[in-house]
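What follows is a set of notes on a single structure, which appears directly below.
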2 protein chains.
Amino acid sequence: MTPVRRRTLEILLESHRAMGAYDVLERLSQDGYGNQPPVAYRALDFLVEQGLAHRLQRLNAFAACLSPDRDHAPAFLICRSCDRVAETDAPVLRAAFRETAAERGFKVERLTVEAVGLCPACGDGDDTGADA
Amino acid sequence: MTPVRRRTLEILLESHRAMGAYDVLERLSQDGYGNQPPVAYRALDFLVEQGLAHRLQRLNAFAACLSPDRDHAPAFLICRSCDRVAETDAPVLRAAFRETAAERGFKVERLTVEAVGLCPACGDGDDTGADA
DNA sequence: GGTTGACCTGTTACGTTATTACCTCCATGC
DNA sequence: GCATGGAGGTAATAACGTAACAGGTCAACC
Ligand SMILES: [Zn+2]
Ligand SMILES: [Zn+2]
Ligand SMILES: [Zn+2]
Ligand SMILES: [Zn+2]
């Protein structure tokens, strides 16, 4: 864990939401680090490899892992209204899927499970979202 | 269903694999249709909305649906070696996930399930893949 | 001490993917 | 005729991502 990487993780943690690589990069450069894309992508890729952050395919974005300590099988709930992302663990689901795939001869190495919908705050009778 | 949209679907069907929007666009323009990105993206978005095609988030690509007739809950098996994509139905998985999400107050509207790994052809003792 | 090699960071330049904005055409309904 | 709205064409640009190279640090090894 180096300064850039640590700072990158802090940025993700502070934001409490998914951030694009370029958003992270802007913060990093404000803090005196490099201002070119590879700086952010390298740090983010490292964090993802280490299980300290996750990549959200549907958003082209990254978010800090909420339980980096334990080995887990994350699934994501992405609110289309307020853009907030909830990380949840779905080990049973993943095991089941892995098995289904195995029946077809497919070896699953990485599994992406991402749901888009409405979070509790945004789904309770209003569609506008709580952007805060 | 209009000419561009129909042709777009044909292109996806003919290729038997996932295609990037720009690949589709190139074929469309060869056939005398527009050669600017929105032409392809609009047609592809339409097909996805209608359930005639799917979008593969991990590949930034699109593929024709293999069973567009029935309402289904697709999951994808993406081979990292030969890039082939298999579409499979996972209704149980999705129902279970929907329920898990509901417990947390989240309303799932769209669910992405994509696995990356090795297909039967590429996993049987070799890692090189059958690119054909 | 000097050299080597691994690893990290910075930068240039570029490639790929996706969207915004604006315009034309044409079918529909009045 | 004339609005209306969907569809497609085009230009321009935004957003996302990577390859390739240059320098710097540090520990290992001779
Ligand atoms: Zn996590
Ligand atoms: Zn919300
Ligand atoms: Zn399908
Ligand atoms: Zn394969």
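Here the structure is a predicted model, which is why all the values come from computation and not from measurement. Letters A, B, ... mirror the listed sequences (proteins, then strands); counts begin at 1.
Taking atom CZ on B:R7 and atom P on D:dG8, their separation rounds to 15 Å, with Å as the unit. Taking atom CG on B:L28 and atom P on D:dA7, their separation rounds to 16 Å, with Å as the unit. The distance from atom CD of B:Q36 to atom C1' of C:dC23 is 14 Å, rounded to the nearest whole Å. Following rounding to the nearest Å, B:R5 (CZ) and D:dG8 (C1') show an atom-to-atom distance of 9 Å. If you measure from atom CZ of B:F62 to atom C1' of C:dT16, you get 13 Å, rounded to the nearest angstrom. Rounded to a whole Å, the CD atom of A:E26 is 13 Å from the C1' atom of D:dA15. As a whole-Å value, the separation of B:L59 CG from C:dT16 C1' is 14 Å. For A:Y33 and D:dG24, the OH to P distance is 19 Å, given to the nearest whole Å.
Taking CD of B:E87 as the reference point, atom CZ of B:F76 lies at 4.5 Å (rounded to 0.5 Å).
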Stepwise side chain to side chain contact (heavy atoms under 4.5 Å, CB included) test for B:T112 and A:V113: CA-CA 6 Å; B:T112 300; A:V113 179; over 6 Å; no

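The phosphate of C:dG10 (OP1 or OP2) has no side-chain N or O of A:N35 nearer than 4.0 angstrom. The phosphate of D:dC16 (OP1 or OP2) has no side-chain N or O of B:N60 nearer than 4.0 angstrom.
One N or O donor and one acceptor, one from the side chain of A:Y22 and one from the base of D:dG17, sit under 3.5 Å apart.
A salt bridge does not link A:R104 to A:E99: none of the charged side-chain nitrogens sits closer than 4.0 Å to a carboxylate oxygen. The pair B:E49-B:R55 does not meet the salt-bridge criterion, since no charged nitrogen lies less than 4.0 angstrom from a carboxylate oxygen. Taking a cutoff of 4.0 Å between a charged side-chain nitrogen and a carboxylate oxygen, B:R17 and B:D83 do not qualify as a salt bridge.
Residues B:F62 and B:H54 place their aromatic rings such that the two centres sit no closer than 6.0 Å.
Nearest approach of B:A115 to A:F97, heavy atoms of both residues: CB-CE2, 3.5 Å.
Closest-nucleotide positions on DNA chain D for B:T2 and A:A21 were compared, and the one nearer the 5' end corresponds to B:T2.
Of the residues in residues 38-58 of chain A, those with a non-hydrogen atom less than 4.0 angstrom from any atom of DNA chain C are A:P38, A:V39, A:R42.
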